[in-house]
Amino acid sequence: WVPFMSNPSCVTTPYLQVVVMAAGKGTRMKSRIPKVLHQLAGKPLLGHVLTTAHQLGAQRCVVVTGHQAEQVNAYVQSESEQLGLHAQVVLQSPQLGTGHAVQQAAPALSDEGITLVLSGDVPLTEVPTLQSLVQLCDGRCLALLTVNMPDPSGYGRVKRQGWSESALVDRHAPVTAIVEHKDATEAERGIQEVYSGIMALPTVLLKTWLSRLDNRNAQGEYYLTDIVKLAVADNVPVVASTISDVSQVAGVNSPVQLAEVERVLQQRTALSLMNQGVRLADPLRMDVRGQLVCEQDVDIDVNCVFEGDVTLGDGVSIGPNCVLKNVSLAAGVQVAAFSHLDGAQVGADARIGPFARLRPGARLAEDVHIGNFVEIKNSALSAGAKVNHLSYVGDADVGAKVNVGAGTITCNYDGVNKHRTVIEDDAFIGSDTQLVAPVRVARGATLGAGTTLTKDAPAEQLTVSRARQITIPGWKRPVKIKK
């Protein structure tokens with residue numbers, strides 16, 4: 001046995017294997033989606049468990065699938081490749097209990113080291129908690145993760161040495177058995193210490209005990225928990241690591257439980273951000289569905305959603321009701337209320353919104369202003385450019401200090417292909433202008449209001465394209481014909 005290394009984000013043991021049980025149907029979810037693929041903070045439940053296995057430094061991960069196995073298998077393959085996790089799937093069919101599930105995984109496990117058993121629908125178990133459990137196993141014990149619950153209904157009860165209906169039990173006494181709720185007596189159901197479904201044990205012993213399981217119980221299933229009595233019979237120490245945070249072992253079996261777990265995870269994230277110095281107007285009204293990295297003095301107002309990879313530089317301010325997805329904002333950027341940024345890069349001291357939309361490929365340099373009801377897509381705006389009102393800029397290169405008037409549209413699509421608009425430095429685009437791409441506005445050019453530009457506009461000159469204004473004498477509005 002070699003102790004864990006000091007890096008808490010990715011530690012290793014001589015040989016750590018993880019079995020993830022992900023075969024359940026999830027009937028109470030009432031969904032066509034496999035239970036373990038339901039989203040939690042922007043990632044499937046199973047993805048959180050696979051990430052934990054990776055952070056633990058697992059040399060091998062075996063995922064037991066069953067219900068809608070093809071979908072789950074495809075996700076495991078994709079996610080494990082992205083993580084760099086050595087994972088494989090095995091099928092449990094029919095599904096005959098937790099012990100039967102791990103029996104399917106056993107042939108894929110090496111005899112070496114320790115095996116950690118996790119559940120694909122229990123996403124919030126923290127890495128340090130599992131590190132402690134593996135250390136407690138020490139390559140020689142059966143180590144169980146347990147928790148005390150005021151209402152333990154439905155969970156397996158942990159019986160310790162010396163337990164009786166009347167006696168108080170030393171909480172450090174060895175574990176002698178786990179009794180499933182359906183098999184427990186009334187007295188046993190009064191035990192508040194429950195088994196979480198998570199254990200760590202020597203792989204060689206696990207395989208031995210799996211071969212000795214039977215299904216003589218109320219449900220006619222092969223219980224993984226029965227290996228506790230087999231360990232006791234073999235004089236193998238059974239130890240428990242007891243935690244007080246029930247959320248770490250909370251399983252998801254219904255939309256209600258999914259929502260509860262979501263709130264727990266979002267509160268964790270909010271607390272972590274605030275401990276880093278981020279100022280949240282209300283930590284209960286913010287969702288992070290990916291990774292949010294904040295520099296110093298970041299302010300985030302209420303009801304904001306962050307998806308994918310989001311980076312906020314020093315002094316960034318995010319107004320209420322904004323959605324940011326896969327964006328990077330440099331220092332000093334201000335995003336006003338109800339703005340939606342997706343796949344954008346924004347330079348220092350830029351101002352966005354309110355009610356602005358930056359779509360993928362939007363690249364804004366420093367001090368750019370994007371105002372209300374403005375949409376930017378696949379366009380680069382140079383320093384100091386301004387598009388302040390009711391405009392669409394798509395597939396365009398906009399120079400420094402360009403001013404784009406209200407109601408301007410770059411007509412970039414001919415029905416088949418996209419075309420690019422180029423607006424050079426210091427150009428002035430009048431209101432209600434249409435630039436029919438491909439077209440170029442040269443440096444310092446001015447386009448008069450209402451212009452439809454179909455040819456390049458020369459530098460330092462005024463270009464106007466509009467119908468001559470006329471007045472028709474004697475014209476009268478039509479009147480409604482009485483019926």
Side-chain angles (χ1 to χ4, degrees), residues 8-9 38-45 47-48 51-52 55 123-129 244-248 250 252 255-358 362 364 366 369-372:
S9 63
H38 278 266
Q39 297 281 311
L40 172 68
K43 178 188 288 190
L45 294 168
H48 290 273
T51 298
T52 297
Q55 292 173 337
L124 299 187
T125 316
E126 296 178 358
V127 169
T129 297
S244 58
D245 182 1
V246 176
S247 68
Q248 288 200 48
V252 175
V256 171
Q257 292 176 337
L258 181 61
E260 291 170 348
V261 170
E262 179 79 40
R263 285 302 96 210
V264 171
L265 184 53
Q266 294 300 340
Q267 284 186 294
R268 278 190 194 176
T269 302
L271 181 61
S272 175
L273 288 169
M274 290 187 292
N275 286 337
Q276 296 168 37
V278 179
R279 294 187 287 271
L280 303 178
D282 185 347
L284 298 179
R285 289 189 287 169
M286 182 196 73
D287 277 18
V288 177
R289 301 169 186 169
Q291 182 174 3
L292 174 60
V293 177
C294 298
E295 301 297 333
Q296 197 168 24
D297 290 320
V298 169
D299 281 285
I300 300 173
D301 213 324
V302 299
N303 298 329
C304 292
V305 178
F306 301 90
E307 302 179 6
D309 293 319
V310 176
T311 302
L312 307 181
D314 285 354
V316 166
S317 174
I318 309 296
N321 303 292
C322 292
V323 178
L324 281 68
K325 179 179 180 180
N326 295 322
V327 301
S328 176
L329 308 186
V333 171
Q334 297 179 42
V335 180
F338 292 98
S339 294
H340 190 157
L341 285 61
D342 181 2
Q345 295 182 338
V346 181
D349 299 315
R351 294 173 61 184
I352 313 296
F355 297 97
R357 185 182 183 195
L358 303 185
L364 280 54
E366 63 273 14
H369 291 188
I370 302 298
N372 47 280

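Sequential numbering from 1 along the given sequence is applied to the chain's residues.
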| message | Please report the interatomic distance CG(D245) to CG(L124), rounded to the nearest 0.5 Å. | response | 8.5 Å
| When rounded to the nearest 0.5 angstrom, what distance separates CD in E262 from CZ in R289? | 6.5 Å
| field | Side-chain donor-acceptor pair present, S272, Q276, cut-off under 3.5 Å | value | yes
| Is L364 close to L358 at the side-chain level, that is, under 4.5 Å between some pair of heavy atoms? | yes
| So do the side chains of L40 and H38 get within less than 4.5 Å of each other, counting heavy atoms only? | no
Return all side-chain donor-acceptor pairs below 3.5 angstrom for residues 305-329, not counting sequence neighbours, or 'none' if the list is empty.
| residue | atom | partner | partner atom | Å |
| --- | --- | --- | --- | --- |
| D314 | OD1 | Q296 | N | 3.0 |
| N321 | OD1 | N303 | ND2 | 3.3 |
| N326 | OD1 | D309 | N | 2.8 |

| remark: Residues passing the salt bridge (charged side-chain N to carboxylate O under 4.0 Å, His left out) test with D349, sequence neighbours excluded, are none
Over all heavy atoms of both residues, which pair between [X] and [Y] is shortest? Give the atoms and the distance, please.
X: P283; Y: M274; result: CB-CE, 3.7 Å
X: A348; Y: A330; result: N-CB, 3.4 Å
X: I370; Y: A356; result: CG2-CB, 4.0 Å
X: R285; Y: V302; result: NH2-CG1, 3.4 Å
X: E126; Y: R268; result: OE2-CZ, 3.3 Å
X: P123; Y: A250; result: CD-O, 3.8 Å

| field | Over 12 non-hydrogen atoms of neighbours within 6.0 angstrom of CD in Q345 | value | no
| task | Please determine if R279 and D297 form a salt bridge, counting it only when a charged side-chain N lies under 4.0 Å from a carboxylate O. | result | yes
| Given the rule in the side-chain contact (heavy atoms from CB on, under 4.5 Å) test, do L273 and V298 qualify, once you have shown the distances and angles that lead to the verdict? | CA-CA 10 Å; L273 288 169; V298 169; over 6 Å; no
| Side-chain donor/acceptor of S339 to backbone N/O of P354, under 3.5 Å | no
